[in-house]
2 protein chains.
Amino acid sequence: MGRPIRTRRQATLASLAAELGVSRTTVSNAYNRPDQLSPELRKRVLDTARQLGYPGPDPVARSLRTRKAGAIGLLLTENLSYAFRDPAALGVLEGLALACEDAGVGVQLVPARPGEEDVATVHRAGVDGFVVYSVPDDDPHLNAVLQRPVPTVIIDQPVLSGVDRVGPDDAAAMTTLAYHLIELGHREVGVLCMRLARDRNDGFAARERQEKAHYHVQRTRLTTLAESFEAVGVDWSTVPVVERFEHTLDEGASAARQMLDANPQVTAIICTSDILALGALNEVRRRGLRVPADITITGFDGISDAERAELTTVYQPVREKGRSAGNLLLDPTRRGQGNPVNQQVITLETELRIGKTSAPPRTAEQHWFGP
Amino acid sequence: MGRPIRTRRQATLASLAAELGVSRTTVSNAYNRPDQLSPELRKRVLDTARQLGYPGPDPVARSLRTRKAGAIGLLLTENLSYAFRDPAALGVLEGLALACEDAGVGVQLVPARPGEEDVATVHRAGVDGFVVYSVPDDDPHLNAVLQRPVPTVIIDQPVLSGVDRVGPDDAAAMTTLAYHLIELGHREVGVLCMRLARDRNDGFAARERQEKAHYHVQRTRLTTLAESFEAVGVDWSTVPVVERFEHTLDEGASAARQMLDANPQVTAIICTSDILALGALNEVRRRGLRVPADITITGFDGISDAERAELTTVYQPVREKGRSAGNLLLDPTRRGQGNPVNQQVITLETELRIGKTSAPPRTAEQHWFGP
DNA sequence: ACTAGGAACCGTAACGGTTCAGAACATGTT
DNA sequence: AACATGTTCTGAACCGTTACGGTTCCTAGT
């Protein structure tokens with residue numbers, strides 16, 4: 001299993017050609033177009049290459065000339081330790097990886113720390129395109145990506161005109177969920193949501209903060225909820241919305257605690273993610289409340305843990321999101337990238353999945369006949 | 001949020017320099033060494049760049065010149081859909097990603113399908129090094145990686161002389177586990193193991209297959225078990241070993257079924273992974289057997305699900321594996337890569353974690369005083 | 001007035017390939 | 001014999017950048 005011995009300097013295509021007394025073109029052809037030279041010569045080239053320890057054409061030099069890096073970049077402005085734990089993010093990554101694998105293209109995780117303002121890593125990434133997954137509107141890394149002259153697909157957020165996007169119709173999905181709760185009779189609701197901006201605000205989020213949220217998805221979900229509930233006479237200004245910066249079960253639980261301590265009257269807690277909902281479920285049960293008899297809890301995403309917990313939630317096909325984004329980026333028919341007219345928006349189907357965590361409020365009767 | 005308008009052809013550093021009437025060096029310096037030119041000129045360069053839609057130095061050309069790609073490749077010869085589900089693999093990936101993130105280096109997932117013999121993707125990957133995670137001895141992609149003139153670190157398997165390796169001491173770890181069972185009194189044991197070669201063999205694996213396994217880790221674990229049990233008088237040829245190609249809970253369950261149908265006498269099922277063990281646990285309980293009263297089950301890896309199930313297992317720090325591999329690869333002090341004398345082998349600590357799935361066999365007494 | 005030293009900028013030579021339009025020669029066709 | 005058709009190989013241009021080793025100019029010190 002001996003590796004080739006490296007003498008002095010690495011052999012190059014040129015030195016190999018010189019050694020063989022043939023042109024560089026011929027050596028290149030030996031590797032890339034076997035039909036362009038006689039089998040005997042090809043064998044001689046490859047044998048000599050082995051003997052000289054020439055490892056084959058340098059990928060970077062090749063990329064420079066062919067203008068193909070053979071990889072796409074994934075921008076994910078989140079702590080990686082988090083990204084690899086969140087089932088939704090993982091599903092996206094998996095789908096993307098599968099699509100790229102099919103095309104024989106690599107996926108490069110571009111290092112981009114949340115707070116980091118240095119976008120050099122984005123500029124240095126030798127990739128043929130970018131997939132951006134769920135970043136805030138004002139993310140500096142996203143800006144750097146858009147500067148690059150390569151195609152870009154954004155998953156979920158932000159929604160930008162002129163840039164391809166793959167994601168669900170959050171507004172429609174949330175409306176469906178809202179009306180499920182409205183029809184059950186809920187009017188006193190509370191909301192737990194994920195971070196709304198890059199600054200930390202673990203606590204109640206006033207209406208202005210909701211509407212100015214830098215995370216498009218959260219903003220849409222919240223404003224849609226507001227519209228739906230206001231349509232049936234609920235004053236949204238009175239609806240408590242608790243925000244959390246980190247997205248974990250524990251934070252979901254603590255958010256639920258904060259919510260219920262201040263608003264014991266709520267009959268339903270609407271969470272903008274399953275993780276938060278599952279955390280809330282833990283807290284609510286810890287308090288001795290029965291779900292859904294005493295309180296309704298809903299999630300969003302449809303991760304497998306939610307299914308196991310029979311959570312009422314909105315399912316979205318995360319793996320498909322990643323796969324579609326990959327396919328869109330790699331689609332050879334639309335290499336006319338950068339053409340804003342040609343923008344593609346893929347909207348994925350969502351599905352309201354009614355589990356066992358939603359039911360009419362205890363005082364439902366009085367609502368069923370109107371407020 | 002308008003992207004720069006692309007006229008005719010992309011601007012280059014040279015065209016920008018020409019436009020400005022300065023040398024290319026100066027433009028390059030404007031981006032890479034701000035201290036090498038006056039702030040005024042630098043501003044003029046950057047402004048003109050923006051105006052011309054020059055996106056900054058091309059990463060690939062830069063990589064060619066600097067001989068740094070700014071990314072490392074991860075070779076993982078396994079279906080990605082699996083890799084992203086297996087907690088152990090995920091932990092490694094996370095650790096690796098963290099180490100690389102710290103260094104501002106990207107991680108590129110190199111597409112390499114299990115059955116695929118075409119190793120072009122390995123040759124085409126523009127990376128500064130490779131991390132190879134748990135592949136068989138005879139993996140063609142691994143061979144292609146070793147051909148490349150970049151440093152390589154192998155995690156777990158195979159163990160090759162001259163190539164850096166990060167992994168646990170499987171033999172020592174398995175010996176400890178074996179003696180735990182031996183001391184409890186188990187002599188009638190059965191084993192469930194992961195695939196032993198690239199060909200599929202879902203069923204019993206004869207001793208020869210065990211010893212010739214192409215997966216170093218599995219081979220070591222099995223031969224170590226054999227040695228330990230033979231040391232106390234067990235004839236290993238009579239010990240049933242069931243192999244599974246796929247590594248899932250369901251396969252663990254079916255393997256356990258196959259094992260127990262043919263060998264109802266076994267008092268302990270030793271599994272070479274937690275996933276298999278958890279699957280076996282499901283099957284055993286389905287049969288109405290109590291664990292550990294009726295039968296002992298052990299795993300290997302120490303994933304969080306195992307902890308939750310209070311499985312007796314060998315814990316190994318998967319995240320650390322990934323992180324160490326990354327650090328080793330990126331270690332600037334040993335850029336003398338390819339020097340076989342300089343080989344590094346990092347052996348990680350493991351820990352026997354005795355849970356509630358191991359206990360003396362029902363007929364233990366007769367063994368305690370010898371066979 | 002002379003010079004040392006630093007700041008600002010530049011010219012050249014790689015970096016290691018791929019590509020395309022032909023050249024050279026052999027073979028088949030009419 | 002003239003011409004079309006392949007096959008095999010080559011020369012030169014090009015991909016976009018940075019490393020290296022300068023040169024030029026200005027200022028301060030003596």
Side-chain angles (χ1 to χ4, degrees), chain A residues 9-46 48-49 52-70 120 123-128 148-150, chain B residues 6 8-46 48-49 52-70 120 123-128 148-150:
Chain A
R9 189 92 182 274
Q10 194 55 238
T12 72
L13 186 141
S15 70
L16 179 53
E19 177 77 21
L20 283 158
V22 302
S23 75
R24 308 211 308 277
T25 303
T26 299
V27 177
S28 176
N29 284 336
Y31 285 95
N32 304 314
R33 306 180 179 183
D35 57 314
Q36 294 293 301
L37 73 173
S38 63
E40 303 78 51
L41 179 55
R42 174 154 194 261
K43 181 173 184 323
R44 200 156 69 85
V45 171
L46 265 32
T48 313
L52 260 60
Y54 175 63
D58 179 287
V60 175
R62 164 185 278 158
S63 290
L64 175 59
R65 180 65 235 224
T66 60
R67 317 192 65 59
K68 285 271 143 281
H123 287 130
R124 289 190 133 77
V127 295
D128 299 324
R148 294 271 310 257
V150 294
Chain B
R6 233 172 315 291
R8 284 167 278 168
R9 190 93 181 273
Q10 194 54 239
T12 71
L13 185 143
S15 70
L16 178 54
E19 178 78 21
L20 283 158
V22 301
S23 80
R24 306 207 298 269
T25 303
T26 300
V27 178
S28 176
N29 284 337
Y31 285 95
N32 304 315
R33 306 181 182 181
D35 58 313
Q36 294 293 301
L37 41 69
S38 63
E40 303 77 49
L41 178 55
R42 175 154 194 262
K43 181 172 185 323
R44 199 156 69 85
V45 171
L46 265 30
T48 313
L52 259 59
Y54 174 64
D58 180 289
V60 176
R62 164 185 279 157
S63 290
L64 174 60
R65 184 64 242 226
T66 60
R67 315 186 68 58
K68 284 270 144 281
H123 287 130
R124 290 191 130 79
V127 295
D128 299 323
R148 295 270 309 258
V150 295

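All chains are named by letter (A, B, ...) in the order of the sequence lines, taking the proteins before the strands, and each is independently numbered beginning at 1.
Looking at every heavy atom in both residues, B:G126 comes nearest to A:V60 through CA-CG2, 4.2 Å. A:R148 approaches A:R124 most closely through the heavy-atom pair NH1-N, 4.4 Å.
A sub-4.0 Å separation between OP1 or OP2 of D:dT18 and a side-chain N or O of B:N29 is absent. A sub-4.0 Å separation between OP1 or OP2 of C:dA8 and a side-chain N or O of B:T26 is absent. For D:dT10, the OP1/OP2 oxygens have a side-chain nitrogen or oxygen of A:S23 closer than 4.0 Å. Close to C:dT19, at under 4.0 Å from its OP1 or OP2, lies no side-chain N or O of A:R24. Proximity of B:R67 to the phosphate of D:dA19: no side-chain N or O atom is located under 4.0 Å from OP1 or OP2. OP1 or OP2 of C:dT18 has at least one side-chain nitrogen or oxygen of A:R62 nearer than 4.0 Å. B:S28 has a side-chain polar atom (N or O) that falls below the 4.0 Å cut-off from OP1 or OP2 of D:dT18. Not one side-chain nitrogen or oxygen of B:R42 sits closer than 4.0 Å to the OP1 or OP2 atom of C:dA8.
When distances are taken from the side chain of A:Q36 to each of D:dC9, C:dT19, D:dT17, the shortest belongs to D:dC9. Taking the side chain of B:L13 as heavy atoms from C-beta on, and the options D:dT17, D:dG11, C:dT18, the nearest nucleotide is D:dT17. Closest approach to the B:Y54 side chain among D:dT17, C:dT18, D:dG11 is made by D:dT17 (side chain taken as heavy atoms from C-beta onward).
Within the 4.0 angstrom heavy-atom criterion, only backbone atoms of the sugar-phosphate kind lie near B:S38; the bases stay farther away. Residue B:L64 is in base contact, counting any heavy-atom pair closer than 4.0 Å across all strands shown.
Atom CZ of A:R24 is separated from atom CG of A:L16 by 12.0 Å, given to the nearest 0.5 angstrom.
When each of B:V45, B:L52, B:L41 is tested with B:L20 by the rule side-chain contact (heavy atoms from CB on, under 4.5 Å), just one qualifies, namely B:V45.
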